[in-house]
Each structure stands twice: as structure tokens, then as C-alpha cells.
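The structure under discussion appears below in the form of C-alpha cells.
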Amino acid sequence: MDNFFLTKAIELAEENVRSGKGGPFAAIITKNDEIISTGTNVVTATNDPTAHAEIVAIREACRVLNDFQLEGCTLYSSCEPCPMCLGAIYWARLKRLVFAADKHQAEEAGFDDAFIYKELELSYNHRKLDTKQIVLPENNKPFELWMNSMNKTEY
């Protein structure tokens, strides 16, 4: 199921770029293999710097489940979460995180959080959160669309 949900997150990120609503990021939260919520990056559309895809999906999942903790849930993200989103994932007590593109691919597309990541440069196996990257052929598609889009708003 990981590949299925991760592919859906990538498709949402691609659509977000095509629509011009935000950056090339999307997230899906599942519980018991059912989608609880989705989110896309809407930072520029809402003038909210915290409106990253993962934060939007977490807020909606919390609303749907009527709980501020998302224990037993998995978050699928089109890209490795930024430090803010990673912090929110930990605070929300998600069980798992699965992502497609990594932070280096995001940096190549103009999204560089390296100064923050230096503080968080622990290997995956040293984190408390069960984290894995799945490399799919389409991992970089949202960034390719973003880099070639004439509709994007740089931020």
C-alpha cells in the first residue's frame, strides 16, 4: 500500500503545480489503509508560511478524527518534510512517515532548508520516527513540473 499512497501524493503535488495554487508538495494521511486527509502546499495562495502540505493534511486529519494526536496514522509525502513539518509530524504522534523525493531534490528545485537540516542531520535509523524513503521513477516529476512551470509563484 505504501507505493499506492505515495503515488497518490505525487499526483496531488503535480496537480498543485499545474493549478498554480502552490508549490510542488502534497501529503496524504492514512489510518488502517484508509485515506483520512490530504493536503497540498498553499503557502502563496493563503499567505500562510505554515501552509505546507503536511501541516494542511495534519490539520484536516485532526479535524476528521477529532483528536490532536494521530497515533496509528501514516503520512505519505511527495517530498521529505522540511524541519517545520517534521516537527509537526512528531508532535502529532504519527506512527510512520513515508516520502518520495528527498531534501536534495527539493534544494535543486529552489527549496533549500539546509541551514535548518544541519541541526537535524541524524540518520533515519537513529530517529524515533519509523522513516523510510521509497524511490519511484516519478519521484522527481513534481519538481520537474515546478521548474518548468510558467504559473509558479517563487517563494
Side-chain angles (χ1 to χ4, degrees), residues 1-46 48-65 70 72-90 92 94-114 116-117 120 123-125 127 129-155:
M1 293 301 292
D2 284 348
N3 287 9
F4 173 79
F5 291 124
L6 198 56
T7 299
K8 291 285 187 195
I10 292 168
E11 290 170 356
L12 284 172
E14 292 173 8
E15 178 54 33
N16 204 48
V17 172
R18 284 188 190 102
S19 73
K21 292 180 182 175
F25 304 97
I28 294 174
I29 295 178
T30 65
K31 187 168 189 171
N32 301 324
D33 291 330
E34 290 185 27
I35 295 175
I36 302 299
S37 67
T38 64
T40 58
N41 177 292
V42 289
V43 169
T44 57
T46 62
D48 180 354
T50 69
H52 290 199
E54 296 89 342
I55 302 294
V56 172
I58 287 169
R59 288 174 179 159
E60 178 62 11
C62 289
R63 187 193 68 74
V64 168
L65 296 176
L70 300 176
C73 293
T74 298
L75 188 144
Y76 295 90
S77 181
S78 62
C79 183
E80 183 174 2
C82 76
M84 175 185 68
C85 293
L86 187 60
I89 290 165
Y90 276 106
L94 284 120
K95 179 180 179 182
R96 297 177 65 231
L97 165 65
V98 181
F99 63 87
D102 66 24
K103 61 189 171 194
H104 305 292
Q105 290 167 293
E107 181 180 358
E108 289 174 12
F111 299 91
D112 185 9
D113 297 324
I116 299 171
Y117 278 113
L120 302 170
S123 62
Y124 301 146
N125 63 344
R127 293 179 183 173
L129 178 66
D130 178 12
T131 304
K132 71 177 182 178
Q133 177 182 16
I134 296 177
V135 179
L136 300 175
E138 59 271 22
N139 279 9
N140 205 45
K141 277 183 157 179
F143 295 114
E144 291 169 2
L145 282 168
W146 174 258
M147 289 185 287
N148 295 317
S149 174
M150 300 305 284
N151 262 348
K152 66 184 173 188
T153 302
E154 300 273 351
Y155 60 98

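Along the sequence shown, residues carry numbers from 1. These numbers come from the heavy atoms of this one structure, side chains and all, not from hydrogens, waters or symmetry mates.
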In Å and rounded to the nearest 0.5 Å, what is the [atom1] to [atom2] distance from [X] to [Y]?
X	Y	atom1	atom2	value
Thr74	Met1	OG1	CE	10.5 Å
Gln105	Glu80	CD	CD	9.5 Å
Thr7	Leu136	OG1	CG	5.0 Å
Leu12	Ser77	CG	OG	11.0 Å
Leu97	Leu75	CG	CG	6.0 Å

Exercise for the section: Please name all residues satisfying side-chain hydrogen bond (donor to acceptor under 3.5 Å, both in side chains) with Ser78, sequence neighbours left out, ordered by chain then number. Expected result: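 side-chain hydrogen bond (donor to acceptor under 3.5 Å, both in side chains) list for Ser78, sorted by chain: empty.
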Practice task
Decide yes or no for Glu54 and Leu94: does some side-chain heavy atom of the first lie under 4.5 Å from some side-chain heavy atom of the second?
Solution key: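 Of all side-chain heavy-atom pairs linking Leu94 with Glu54, none is under 4.5 Å.
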Problem - Beyond-backbone contact of Asp113 with Lys103, side-chain heavy atoms, under 4.5 angstrom - result: no
Of all the heavy-atom pairs spanning [X] and [Y], show the shortest one and how long it is.
X	Y	answer
Asp102	Cys79	O-SG, 3.9 Å
Thr50	Asp48	OG1-OD1, 2.6 Å
Ile89	Pro81	CD1-CG, 3.8 Å
Val56	Gly39	CG1-CA, 3.8 Å
Ile55	Ala88	CD1-CB, 3.3 Å
Met147	Glu108	SD-O, 3.9 Å

Exercise for the section: Apply side chain to side chain contact (heavy atoms under 4.5 Å, CB included) to the pair Cys82 and Phe111, showing each step before the final yes or no. Expected result: CA-CA 9 Å; Cys82 76; Phe111 299 91; over 6 Å; no
Residues which pass side-chain contact (heavy atoms from CB on, under 4.5 Å) with [X], listed by chain and number, not counting sequence neighbours:
X	answer
Pro49	none
Cys62	Ile58, Leu70
Glu144	Asn140, Lys141
Val17	Pro24, Leu145, Trp146, Ser149

How would you list, by chain and number, every residue that makes a salt bridge (Lys or Arg N to Asp or Glu O under 4.0 Å) with [X], sequence neighbours excluded?
X	value
Asp112	none
Glu60	Arg63
Lys95	none

Handout entry: Under the ring pair (Phe, Tyr, Trp, His ring centres under 6.0 Å) test, residues paired with Phe5 that sit two or more places apart
Key = Tyr76
Practice task
Provide the full list of side-chain hydrogen bond (donor to acceptor under 3.5 Å, both in side chains) pairs with a residue in residues 35-44, sequence neighbours left out, each pair given once.
Solution key: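 Qualifying pairs, neighbours excluded: Asn16-Thr40, Asn41-Tyr155.
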Problem - side-chain hydrogen bond (donor to acceptor under 3.5 Å, both in side chains) pairs, two or more places apart, involving residues 17-32 - result: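 Qualifying pairs: none.
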